[in-house]
Amino acid sequence: MISLKKEEWFSNIRTDVLAGLVVGLALIPESIAFSAIAGVDPQVGLYASFCIAVTIAFFGGRTAMISAATGAMALLMVTLVKDHGLQYLFATTILTGILQIIAGYFKVAKLMRFVSQSVVYGFVNALAILIFIAQFPELLKMDGLGYLLVGLGLLIVYLFPYIPKIGKLIPSPLICILLLSLIALLIGSDIRTVSDLGHFPDTLPIFLMPDIPLNLETLKIIFPYAITLATVGLLETMMTTTIVNEATQSEGDRHKECRGQGIANIVSGFMGGMAGCAMIGQSIINVSSGARTRLSTLVAGVFLLCLVVFLKDWLAYIPMAALVAIMIMVAFTTFNWDSVKNFSKHPKQSNVVMVTVVVIVLATHNLALGVLVGVLLSALFLINKLESEVKVQSTLSNQHTRLYQIQGQIFFSSADKFYQFFDFDEKVEKVVIDLTQAHVWDITSVAMLNTVKSKFLENGIDVEVIGLNEASSTIIDQFSS
């Protein structure tokens, strides 16, 4: 399962190493911020990002994609950590990985084709709003100086990339952290810093078993969280895979990626980290920097850990205002503004799906539930559309023969409407049902077609069905025998 192909590791060494260093730097503030969202020490998010990035470099199915602790996953852990503690989070992370490996072997990634673009927009927009809302508790603890630093941080994050020559070389979130930390030290004001969130790691992560009772009661506690984390993690990973595929003009193995995410989360759980998944923003940074192989992902993870272990005394002085500014930027970058800009141009049904997903996610804080409802709603709209497109043209070809020409998709939802097309009491000798422009999909449609034929025969009218395509003919023969 480990990928050791030379072309997947060493075909782009210089660019991949540089890209990995950039991403490793950019992962630090986000890992710490996501830890804060989940309500755990910074080391939990940092260990998770290191373990997941390094593991997925070997076991993932999509080269140059970055996986680590993410906001989508952190938001789902808040209640678990608050109600049951950190050890249950580790156990949940391990179970999440097991579920994802199972999903990979059963090729659940194929289900992504049922997720419409409207559902994706709703998912991404809801995630962005939740990340933004998660900053409110920290904002409420700030004074005027804190708000000033947040504003300055946002200016740095958005304006630094436009500085000639160096703007594209160094991640603006890193510059934001460095400058705001320097300002905070010079001012000497008593403002909240990252050190107020907890302790930084001073050693490499070590293997540990979650200190919880291994019984059915524990499983009842962690399983609902694990299934939600596994689902959301795979959804975000598959969406990120699609984006990276398009950016690099290459394809990844989605099923292998599912299994790789599972292995990475198991490693993270046993090493004192929380669950994570692919990161849309960091993956785009990586491939935009020219990365194309697994080496970039490995370098990002290793460099991240080296920084936090050997420079932790400096990292502890990072003001919370810098992290809040970065997370606000992440929220605004994640939000799909085109979905709002083109709202009036999109079909009403697509807009309803997107808004429904956003509302459900915001009401329940459950991204998986929002996606599920969105998929079901999209399916209902599609069925209604297909049903409305079923049409019939009826002509009397001669005094004794009626021709029914059917157009559209005939399946369980449109079967009843199909039955209503026919006049069984008409005084004709023969009826011809032309299905040249139609398709019969399921057993319900076959049963309805047989019912129509039987009804005409009972009234002494001969019936001939013509124009069946090969697939329709096969399903009719199968279920009519």
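None of these values were measured; they are calculated from a predicted model.
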Can any side-chain N or O of Asn351 pair as donor or acceptor with the backbone N or O of Phe343 at less than 3.5 Å? yes

Expected output: side-chain Ser296 to main-chain Val17 donor-acceptor under 3.5 Å: no

For Gly153 versus Cys176, what's the shortest heavy-atom pair and its separation? CA-SG, 3.7 Å

Say you draw a straight line from CD1 of Ile156 to CD1 of Ile175; how long is it, rounded to the nearest 0.5 Å? 8.5 Å

Met77 CE to Leu80 CG distance, which is reported to the nearest 0.5 Å: 8.5 Å

Looking only at heavy atoms, what is the nearest atom pair of Gly276 and Met73, with distance? O-CE, 3.6 Å

Minimum heavy-atom distance between Glu236 and Cys277, given as atom pair plus value: OE1-SG, 3.7 Å

What are the two closest non-hydrogen atoms of Ala69 and Met279, and how far apart are they? O-CE, 3.6 Å

Does the side chain of Phe106 reach to within under 4.5 Å of the side chain of Ile102, using non-hydrogen atoms? yes

Looking at side-chain heavy atoms only, is the closest gap between Thr228 and Pro224 below 4.5 Å? no

Ring of Phe59, cation from Arg259 - is the NZ or CZ under 6.0 Å from the centre and inside 45° of the axis? no

Check: Asp41 and Ser35 side chains under 4.5 Å, non-hydrogen atoms: no

Would you check, one step at a time, whether the test side-chain contact (heavy atoms from CB on, under 4.5 Å) holds for Phe303 with Val23? CA-CA 9 Å; Phe303 188 52; Val23 173; over 6 Å; no

So Arg254 and Thr241, do their side chains get closer than 4.5 Å, heavy atoms only? yes

Close aromatic pair by centroid cut-off 6.0 Å: Tyr162 and Tyr158: no

On a heavy-atom basis, which atom in Val357 and which in Gly122 lie closest, and how many Å separate them? CG1-C, 3.6 Å

Would you check if the side chain of Arg294 reaches a backbone N or O of Phe10 as a donor-acceptor pair within less than 3.5 Å? no

Quick one about Glu257 and Thr237 (side-chain donor to acceptor, distance below 3.5 Å, no hydrogens or angles considered), yes or no? no

Calculate, to the nearest 0.5 Å, the distance between atoms CG and CG belonging to Asn125 and Leu130 respectively. 11.0 Å

Applying side chain to side chain contact (heavy atoms under 4.5 Å, CB included) to Leu178 and not counting sequence neighbours gives Leu174

Can you classify the ring geometry of Trp9 versus Phe58 as parallel (below 30°), tilted (30 to 60°) or perpendicular (above 60°)? tilted

Met320 vs Ile191, side-chain contact (heavy atoms from CB on, under 4.5 Å): CA-CA, chis, key distance, verdict: CA-CA 8 Å; Met320 285 301 299; Ile191 61 175; over 6 Å; no

Report yes or no: do Asn12 and Thr293 form a side-chain donor-acceptor pair below 3.5 Å? no

Provide the full list of side chain to side chain donor-acceptor pair (under 3.5 Å) pairs with a residue in residues 70-97, sequence neighbours left out, each pair given once. none

Side-chain heavy-atom pair Leu304, Leu46 within 4.5 angstrom cut-off: yes

Does Ile94 reach the side chain of Phe270, with side-chain heavy atoms less than 4.5 Å apart? yes

Side chain of Asp253, backbone of Lys256: donor and acceptor closer than 3.5 Å? yes

Measure up the Trp337 and Phe335 rings against each other and bin them: parallel (under 30°), tilted (30 to 60°), perpendicular (over 60°). tilted

Examine distances only and state if a side-chain atom of Ser118 and a backbone atom of Met354 form a donor-acceptor pair shorter than 3.5 Å. no

Give, for atom CD1 of Ile56 and atom CD1 of Ile66, the distance between the pair rounded to the nearest 0.5 Å. 10.5 Å

Any residue meeting side chain to side chain contact (heavy atoms under 4.5 Å, CB included) with Thr248, in chain and number order, not counting sequence neighbours: Arg62, Val244, Ser250, Val287, Arg292

Working to the nearest 0.5 Å, report the span between CD1 of Ile222 and OH of Tyr225. 11.5 Å

Note, Thr218 side chain near Leu214 side chain (heavy atom, < 4.5 Å): no

Could you walk me through whether Leu152 and Leu148 satisfy the side-chain contact (heavy atoms from CB on, under 4.5 Å) test, starting with their C-alpha distance in whole Å, then the side-chain angles of each, then the deciding distance to 0.1 Å, before giving a yes or no? CA-CA 6 Å; Leu152 179 59; Leu148 182 62; 5.7 Å; no

Using side-chain heavy atoms (C-beta onward) and a distance below 4.5 Å, is Ser31 in contact with Pro42? no

So with a 6.0 Å cut-off around CD1 of Ile206, is the heavy-atom count from everything else above 12? no

Measuring from atom SG of Cys258 to atom CD1 of Ile101, what distance do you get when rounded to the nearest 0.5 angstrom? 11.0 Å

Worked verdict on Val44 versus Leu86 for side-chain contact (heavy atoms from CB on, under 4.5 Å): CA-CA 9 Å; Val44 177; Leu86 191 59; 4.0 Å; yes

Donor-acceptor pair, Tyr47 side chain versus Leu305 backbone, under 3.5 Å? no

Which heavy atom of Tyr147 sits nearest to which heavy atom of Leu139, and what is that distance? OH-O, 2.8 Å

